[in-house]
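To start, the structure itself, in structure tokens.
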Amino acid sequence: MPKVTLPSGEQREVEAGVPVGSALPPDAVCARVDGRLVDLSYPLAADAALEPVLASDPDGLHVLRHSTAHVMAQAVCDLWPGARYAIGPPIEDGFYYDFDLPVSLTPEDLERIEARMREIAAAAQPFVREELSREQAAAAFADQPFKREIIETAEAAEGALGETFSVYRNDGWADLCLGPHVPSTARLGVFKLLSLAGAYWRGDERRPQLQRIYGTAWATEEDLAAHLHRLEEAERRDHRRLGRQLDLFSFPDELGAGLLVWHPRGGIFRKQIEDFVRELHLERGYAPVFTPHVARSGLWETSGHLAKYVENMYPAMRDENDVRYFVKPMNCPFHVLVYKSQTRSYRDLPMRLFELGTIYRHERAGTLHGLLRVRGGTQDDSHIVCTREQLVDEILRVFDLTLEIHRTFGFTDPIVNLSTKPGQAIGDEGMWAEATEYLRMALDRSGLAYTVAEGEGAFYGPKVDFHFRDAIGRLWQLTTVQCDFALPERFEMEYMGEDNERHRPVMIHRAILGTIERFSGVLIEHYAGAFPLWLAPEQVRIVPVADRHAEHARTLAGRLARSGLRAEVDDSRETVPKKIRAAQLMKVNYTLVVGDREIEAGTVAVREREGREVRGVPFEAFAAAAEAEARSRSLEPVDLAALLPAAAPGISEG
RNA sequence: GCCGGCGUGGCGCAGCCCGGGAGCGCAAGCGACUUGUAAUCGCUAGGUCGUGGGUUCGAAUCCCACCGCCGGCUCCA
């Protein structure tokens, strides 16, 4: 009789061939036998370590979602007989399934599908596993072309184990699947269908486009509710919505897709970011340069952009002599020309050229997305020209600057990738190998943990990317550092060495924020529009209680402006509650209410953005504290209570 | 670029299915109130219904094309 060992260490003998589920608690969704996930119906044949997998376990949740995807496909096939189904895997937070249907699905159809799924769940249909030969499987799915293609092309994956194909069947509906699955549809129920989308068969845009249904499934109703709440939270933070609400920027139709204008409030916000990074770069030995937006075609031929990047460039314009000019999609060729403007010595190196350079990329129409993907944007771009000996140190300096800049915005603990040579590339293998090796050496010396992303490099060189998590845990790629041996070659860049010989330098391309537009979008979502004081378009709003207090309010605003603070007076003839509400909606950091009492005492009643309210704060103390908060680029508001004179009234919660 | 959805005063939306008065709320302007911590009351003005074409006696509404936006896919980083 086989002996099973449970996680508790308990050992038990069971009858050979009994399902593993019989030795496990009833809430298990599947089992782990010697580390491998199996169905609860899996027969025990030999001694094994046996472990229940619960819905609360990540693997269990995966299985639950996978089973829910099956039932969704089953429901779709019930409602549209003859539907062809492709694949339906679990994904982060949910699942999807792709279909080829004669009709286009509508959001109302999702409700019908969901209703049918609930019927299937209520029917408690058991999931039954079968193992078929390749021929049997092909016959079973004779009218399902996507499944047949999987069967015909399968190696030991996606439903196939060598020449055996596993199939899961419940109530006549069957799908090719490795499993495992929950024992019965009765285990499903905490799910919701979310959205419809198009998706190419096998992710290939030359192949048929299918209809994809996205859904989510969880172990408990509370988990589902929490997930839906997170989706709402993400929507609340949507930078496109906040951009309009806070009057930061707009994308007028008249400009064309992916092109925007910054409004005065957005302009202040953006300028704060730009001033900060510019200042820091100058401190770190970067030299500011400025370059034009267009250049003749020859430059782009030399750089390789016309050969490898044209589809992302705006089409050429021609002058009266039929000379072609292109708007720049990158700044690098211009910086190369700055370098080449005179004969360089090894004493000039490293040369760190910095520019907030505005670039235009004709991104495919369907990929545009608010500030996060634009056609015209400004990069905090730099090209560092140096010797091979200086390269690793220079890369390390870039890493260091990256961490410092992002820390200021509240981004820490980066996820770092090393991306290697892509399919479309310039330069030979040896160059790529060497450039990649320098990046690897720098990473190793930096102590940063990183993973290698094969084939993800830029066309001219390998790169290191930094991703950061925002306030709700989403990951954003912000920084990219690229090592380039190809452009120095193509542009025949040189320097005179100590040995009085000509040498070829190497180049680092790097953008720490990426584009200011994209970074702004990320920041807006990260802070949910509630900016730290130094970035806030309007830092202080002063609310006079009645008309007779407006003059005093303007005096205070003038005093704050002399400290470099951005303050506005709301002298509209509205009630105080209405003005407070208006300031709160605009997410102003501090709202000062002034009336007779305040004028008398030389104080202000301060309301924080989060709603706390402190009365009787001496105005000068507030001004000094706010100035210090903004100047230090603090992420935290001042402690207003500390500004109160002794024995003053306390804080009241708003 | 592909699939699907959408486009109505500055913003958020109804009207479209079933063709015939262009409406609501907020914001704005004016007036009354002089206001004490998330919306005081009243009045007024504001729209070639994304653009172009078609069907029709008549189009916001039906059809076609284009532009733009949204969700994905693909792409990019």
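The basis for the numbers below is simple: all heavy atoms, side chains too, and nothing from hydrogens, waters or symmetry mates. Not measured: the values here are computed from a predicted model. Quick note on labels: first sequence line is chain A, next is B, and so on, each numbered from 1.
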Whether R615(A) and E598(A) form a salt bridge (side-chain N of Lys/Arg under 4.0 Å from carboxylate O of Asp/Glu) is what I want to check.
no
May I ask you to decide if the ring planes of F468(A) and F466(A) are parallel, tilted or perpendicular, using 30° and 60° as cut-offs?
parallel
Walk me through whether S382(A) and H281(A) qualify under side chain to side chain donor-acceptor pair (under 3.5 Å).
CA-CA 10 Å; S382(A) 176; H281(A) 277 80; 5.8 Å; no
Protein-nucleotide distance (L196(A), atom CG; rC3(B), atom P), rounded to Å
16 Å
Partner residues of R212(A) under the side chain to side chain contact (heavy atoms under 4.5 Å, CB included) criterion, sequence neighbours left out:
Y96(A), D98(A), A199(A), Y214(A)
P atom, rA22(B) versus rG50(B): distance in rounded Å?
16 Å
Do the side chain of D380(A) and the main chain of L513(A) share a donor and acceptor less than 3.5 angstrom apart?
yes
F334(A) six-ring face occupied by K328(A) cation (under 6.0 Å, within 45°):
yes
From CD of Q584(A) across to P of rA38(B) the rounded distance in Å is 8 Å
Pick the closest RNA chain B nucleotide for R240(A) and for A546(A) by heavy atoms, then say which residue is nearer the 5' end.
A546(A)
Any donor-acceptor pair under 3.5 Å joining the side chain of Q209(A) to the base of rC2(B)?
yes
Within 45 degrees of the axis of the six-membered ring of W80(A) and under 6.0 Å from its centre: does R116(A) put its NZ or CZ there?
no
Kindly check if the number of other-residue, nucleotide or ligand heavy atoms within 6.0 Å of CD (E311(A)) is above 12?
yes
Got a sec, which residues hit ring pair (Phe, Tyr, Trp, His ring centres under 6.0 Å) with H239(A), two or more places apart in sequence or on another chain?
none
From the set rG72(B), rG1(B), rU37(B), return the single nucleotide nearest to any side-chain atom of Y214(A).
rG72(B)
Determine whether H467(A) and W476(A) satisfy the following criterion, ring-ring contact (aromatic ring centres under 6.0 Å, His included), listing intermediate values before the conclusion.
CA-CA 5 Å; H467(A) 301 73; W476(A) 304 93; over 10 Å; no
Do the rings of F531(A) and Y527(A) sit parallel, tilted or perpendicular, given the 30° and 60° boundaries?
perpendicular
OP1 or OP2 of rA38(B) under 4.0 Å from side-chain N/O of R609(A):
no
Nearest to the side chain of R581(A), heavy atoms from C-beta on, is which of rU37(B), rA39(B), rA32(B)?
rA39(B)
What interatomic distance, in whole Å, is found between P of rC33(B) and the corresponding atom of rC26(B)?
22 Å
Short of 4.0 Å, heavy atom to strand atom, which residues of residues 591-598 of chain A count as contacting RNA chain B?
V593(A), G595(A), D596(A), R597(A), E598(A)
Provide a list of protein-nucleic acid N or O atom pairs under 3.5 angstrom, restricted to nucleotides 25-30 of chain B.
residue : atom : partner : partner atom : Å
rA27(B) : OP1  : K578(A) : NZ           : 3.0

Donor-acceptor under 3.5 Å (H335(A) side chain, C332(A) main chain):
no
For the residue pair Y314(A) and H362(A), categorise the inter-ring angle as parallel (less than 30°), tilted (30 to 60°) or perpendicular (more than 60°).
perpendicular
Of all the choices, rC70(B), rU34(B), rU37(B), which nucleotide is nearest to the side chain of R573(A) once you look at every atom?
rU34(B)
Atom CG of D570(A) and atom C1' of rU35(B) are separated, to the nearest Å, by 12 Å
Under 4.0 Å protein heavy-atom contacts per nucleotide of nucleotides 5-10 of chain B, with B for base, S for backbone only and - for none
------
With nearest nucleotide decided by heavy atoms, which residue, L368(A) or K579(A), maps closer to the 5′ end of RNA chain B?
K579(A)
Give the rounded distance in Å between these two atoms: CG of L259(A) and P of rC67(B).
15 Å
Could you state the CZ-C1' distance from R207(A) to rC3(B), rounded to the nearest angstrom?
17 Å
Any protein N or O atoms within reach of nucleotides 74-77 of chain B? Criterion: under 3.5 Å, listing atom names and distances.
residue : atom : partner : partner atom : Å
rU74(B) : O2'  : E205(A) : OE2          : 2.8
rC75(B) : O2   : R373(A) : NH2          : 3.1
rC76(B) : O2   : R373(A) : NH1          : 3.3
rC76(B) : O2   : R373(A) : NH2          : 3.4
rA77(B) : O2'  : Q477(A) : NE2          : 3.0
rA77(B) : N3   : Q477(A) : OE1          : 2.9

In whole angstrom, give me the gap between the C1' atoms of rC16(B) and rC73(B).
30 Å
Which whole number of Å gives the distance between the P atom of rC2(B) and that of rA60(B)?
30 Å
Do you know the tightest heavy-atom contact between Y460(A) and D484(A)?
O-OD1, 3.3 Å
